[in-house]
Every structure is written in structure tokens, then in C-alpha cells.
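Comments concern the structure below.
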Amino acid sequence: MSRCDSPEFGKLLHAYELGALSEEDTERFETHLIDCDVCYGELLSFEKEADILNSDNEFKRVMMDRARGYTYVKTELGKFLKSLWPDVPFLLKPAVVYLIALLMIVPAYWRLKTSGNEQITPLQTVSLLEDRSVSEDVFRISSGEYGLLEFLIKDAAAGKSYSVEIRSRNGEVIYQEARFSEFDIFGTIGTGRLLLPVSRMGPGDYELLLTDLQSGPRREPQRYYFRIEK
Amino acid sequence: MGELDELVEKARKGDRKAEEAVFERLLVRFTTFAKHRVGEEEARDIAQEACMTVLQKYRDETFSISFKSWAYGILKNKIGNYLQKAKTRSKTSVPEIDHDRSSELSSPAPDHSLRHKLFNCWKKLALTHPRYARVLNLIYQGYHTEEICQRLRITSNNFYVSLNRGRSMLKGCLETGRI
């Protein structure tokens, strides 16, 4: 559809068809129609329909009855939506304020709600004495992913270092540390600690070998035994 | 100079074809304009009278405004005279059949299928573009443009744009069945 050269008149078309123009605007528009073929052609193309919209009283009555329902809902909804987005600076618009509040409150509330459910699970600890039978020194995988292994070291002294090895029952080396010095000393007894990933190590019997690096080539390691169960 | 003004200039110089073209154009338009105010039959008579007056006077007239404005003024007077007479007749004579009703009787029977299609398209439009439906409803209730703009808190430009947009969509829906 080609456009009218005078858009200030072209926009009046449908209002004219519906008789919604003032007398003055009607006269201006009709004067424009005398020599505007675009607007006049457009008027003719919708003549029958415009006639029904404008003059058919039965049609108008039905439309008005119908529109009352739509208008009520849309007006109320429209009012509400408009109240959320008034003509104020962006950050002051209620919709924006509510959204920011929602984004802050919901996660905080969720954290608050779930924090009481968290339980601090104590790390399972097994304390080993040298050469003691393994029956009491058991880690349970069901009790946690990690376990703390404590072992008493004979003749410990500050500055000493040991090599540590953990082997499975079939001799496979699971863990090795060439210079282990993570131990506390009380007199000549040291307490070494190792954090073990028991769930990854899997169930079975294990042996820890602690060798004093300064004890010479024929050094005998101190041996400890523990078990991991499901 | 527009096409109409050129035709008028030619007609003034004696070009009969140009004169006929001017007369035809004015007659068709004037009939449309008059139908907005009076019944169809009366509109044709008024339009013809106005065109005859234009034809009689245009050669000797110096238009202070444009030809079209001058010609339109003649039509406006004719319509005004007709309505004045109709008003006087209704005061002095036995009450006649209401003009609205008479034009209903004389105008062609409504096209029910077009009316039905139009109503269905309007329903679809009312859901997707409720502003048009609201504006139309307010027009039907007799509100003026300024009152409608105040109620809906829109500018007059928004008002006209809403109407034209609704019109395009209605037209499209009548052609394709879809909004």
C-alpha cells in the first residue's frame, strides 16, 4: 500500500471512518481527500467494513457488550501493570525494586532454611599403635569420605624425618611420602597424622610403614595396621 | 501544482475533457463526504448540486485559497442548507419517520457474512491488541477524541495511530483470517 504524502492527514483516516473527528478536522481531512488518491483509495477499500463499524447499531451493541468484559479485565490488569512501571527513574520503578528485592531475599531465605539442616560431621579418626592387631582400627566409608590416621612414633625427635608408605594387603603401595615430618612430639613420643581418602582407597586391610631416615641402611620400619570397611 | 489544480487550469482554458475529469472526481468525492452526514440518496443530490455550482463559478473565480478548499466550501454550504431545511421541516410538519430509521429502510440490507467475519476478527484483535477495542468502545459510547485520550492517558497521536493500526490488522484478518 502506497503512503500518503501528508502523514498528518493520513493518520486521520480511520478516525474519519468512525466519525471520531471533530467538525474542523473532518473538513480538513475531506479537503485533503479531494486530491489525495492514496487516502481516498484506502477509504474506498474499507468502505463496507467501515459502514458496519460506524452505522450498524446491532453490531455496535454486541461489540460494546463484549468489550465491557475485556475492558474491565484489561483496565484492572492494565492499571496494575502501569503502577509497576510509572514514569520515574529506572531504579525507582516498583517493578525493578521488587525484582532486586526478590533476587536478594529468595537466596538468603533459602540459605537460612537449609542451614539448620546441615550437620557438622566429625572426621572419623583412628589411632594406631605399632604392630597392634587391626581389629579395632577401622575406618568406615559410610562415615565419611576421609579419615584421620594418627599413629604413635617411637623415639621421635624434633628435626627428624621419616619415610611413610601405606600398602594394601597384596603389597600394592597406595601412598608414599619420602620425607614425612608432620608429627607432634611429647617427650620422645611423636604423634603423626595423615588424612586418608578412605572412600577412594576402598575396603580392605592396610599397612602403614614408617621408616626413620636417619636410622641407617638396615633400618626396620615401624608397622601399623588398619582396616577400611564399608 | 497538484494533478487536480492542473486539470482545473486546463479546464479553464477550454479543455472539455479536463473539465469532465474535474467534475467526475468532485462528484464521487462529494457524494462520499455527504453520505457521512445525510442519507445515501440525499447525499447524491447534494453532491450533484454542489458540483453544478462549482462548474458554473470556477472559471470566473479567483481562489484566495486553493481550488479544492473553495469547492469544498460550496459542498459544505449545500449540506448546511439541507440540514437546516430538514430541521425546519421537522419542526413545522407532522413528525416524519426518523431519518436514521429511514436511511436504514432505504439502505441495502446488511451483509451478514461480512458482519460475522468482521465480528470474529474484532474478537481476535481485542485479545491481542485491546487498546483498539477499548478506543472503539469509547467512540461508540459517544466520547470525543480528547475525552478518550484523557481517559486512556494517551496523546492524540497515539489515538490516531492505535486506530489505524487496528484498522490494518482488521483488514489483514478479513483477508487472511489471522491477526
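Every heavy atom of this structure was used, including side-chain atoms; hydrogens, water molecules and symmetry mates were not. Protein chains get the first letters and strands the later ones, always in sequence-line order, with residue 1 at the start of each.
At most 12 non-hydrogen atoms from other residues, nucleotides or ligands lie less than 6.0 angstrom from CD of A:E24. Within a 6.0 Å sphere centred on NZ of B:K76, heavy atoms belonging to other residues, nucleotides or ligands number 12 at most. Within a 6.0 Å radius of CD in B:Q150, no more than 12 heavy atoms belonging to other residues, nucleotides or ligands are found. When the shell of 6.0 Å around CD of A:E177 is examined, it contains more than 12 heavy atoms from other residues, nucleotides or ligands. Under a cut-off of 6.0 angstrom, the local environment of CZ in A:R193 is crowded, with over 12 non-hydrogen atoms contributed by other residues, nucleotides or ligands. Remark: B:K124 NZ is packed, more than 12 non-hydrogen atoms of other residues, nucleotides or ligands lying under 6.0 Å away. Under a cut-off of 6.0 angstrom, the local environment of NZ in B:K10 is sparse, with at most 12 non-hydrogen atoms contributed by other residues, nucleotides or ligands. The environment of CG in A:D5 is sparse: at most 12 heavy-atom neighbours from other residues, nucleotides or ligands sit within 6.0 Å.
In this structure, B:L174 and A:F46 have side chains that are in contact, with non-hydrogen atoms separated by less than 4.5 Å. A:E42 has its side chain within reach of B:R167: a pair of non-hydrogen atoms, C-beta onward, lies under 4.5 Å apart. Residues B:E146 and A:S22 have side chains not in contact (no heavy-atom distance under 4.5 Å, counting atoms from C-beta outward). Contact check for A:D35 versus B:R29: no side-chain heavy atoms found under the 4.5 Å cut-off. With contacts defined as side-chain heavy-atom distances shorter than 4.5 Å, the pair B:R165/A:H14 does not qualify. Using a 4.5 Å heavy-atom threshold, the side chains of A:L21 and B:T145 count as separate.
Residue with the most contacts toward chain A among B:L114, B:L4, B:I139: B:L114 (heavy-atom pairs, distance under 4.5 Å).
Residue B:S66 holds its OG atom at 8.0 Å from CD1 of A:I34, rounded to the nearest 0.5 Å. B:F119 contributes atom CZ, which lies 12.0 Å from atom CG of A:L53 (distance to the nearest 0.5 angstrom). Rounding to the nearest 0.5 Å gives a distance of 11.5 Å between OH of B:Y160 and CZ of A:F9. Rounding to the nearest 0.5 angstrom, the gap separating the CG atom in A:L33 from the OG1 atom in B:T32 is 8.5 Å. The structure places CZ of A:F29 at 9.0 Å from NE2 of B:H36, a figure rounded to the nearest 0.5 Å.
Residue B:L136 touches chain A through its side chain alone, counting heavy-atom pairs closer than 4.5 Å. In this structure, chain A has heavy atoms under 4.5 Å from both the backbone and the side chain of B:V28. B:L26 touches chain A through its side chain: at least one heavy atom from C-beta onward sits under 4.5 Å away, while N, CA, C and O do not. Using a 4.5 Å cut-off between heavy atoms, B:H144 does not touch chain A at all. Interface remark: A:E47 contributes side-chain atoms only to the contact with chain B (heavy atom separation under 4.5 Å). When heavy atoms are compared at a cutoff of 4.5 Å, B:F30 approaches chain A solely by way of its side chain, counted from C-beta outward.
With respect to the salt-bridge test (charged N to carboxylate O, under 4.0 angstrom), the residues A:D37 and B:R25 qualify. Taking the charged nitrogens against the carboxylate oxygens, A:D51 and B:K35 have no contact shorter than 4.0 Å, which rules out a salt bridge.
Taking the six-membered ring where the residue is Trp, A:Y40 and B:F33 present perpendicular rings, their angle passing 60° and hence far from 30°.
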query = What's the verdict on salt bridge (Lys or Arg N to Asp or Glu O under 4.0 Å) for A:E23 and B:R37, showing C-alpha distance, side-chain angles and the deciding distance?
reply = CA-CA 11 Å; A:E23 192 55 40; B:R37 294 160 178 83; 3.7 Å; yes
task = Apply side-chain contact (heavy atoms from CB on, under 4.5 Å) to B:K117 and A:I52, showing your working.
result = CA-CA 11 Å; B:K117 274 170 79 175; A:I52 295 174; over 6 Å; no
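Between B:Y72 and the options A:H32, A:E27, A:E30, A:R28, a side-chain hydrogen bond (donor to acceptor under 3.5 Å, both in side chains) holds for only A:E30.
Residues B:N164 and A:K11 bring no donor and acceptor atom of their side chains to less than 3.5 Å of each other.
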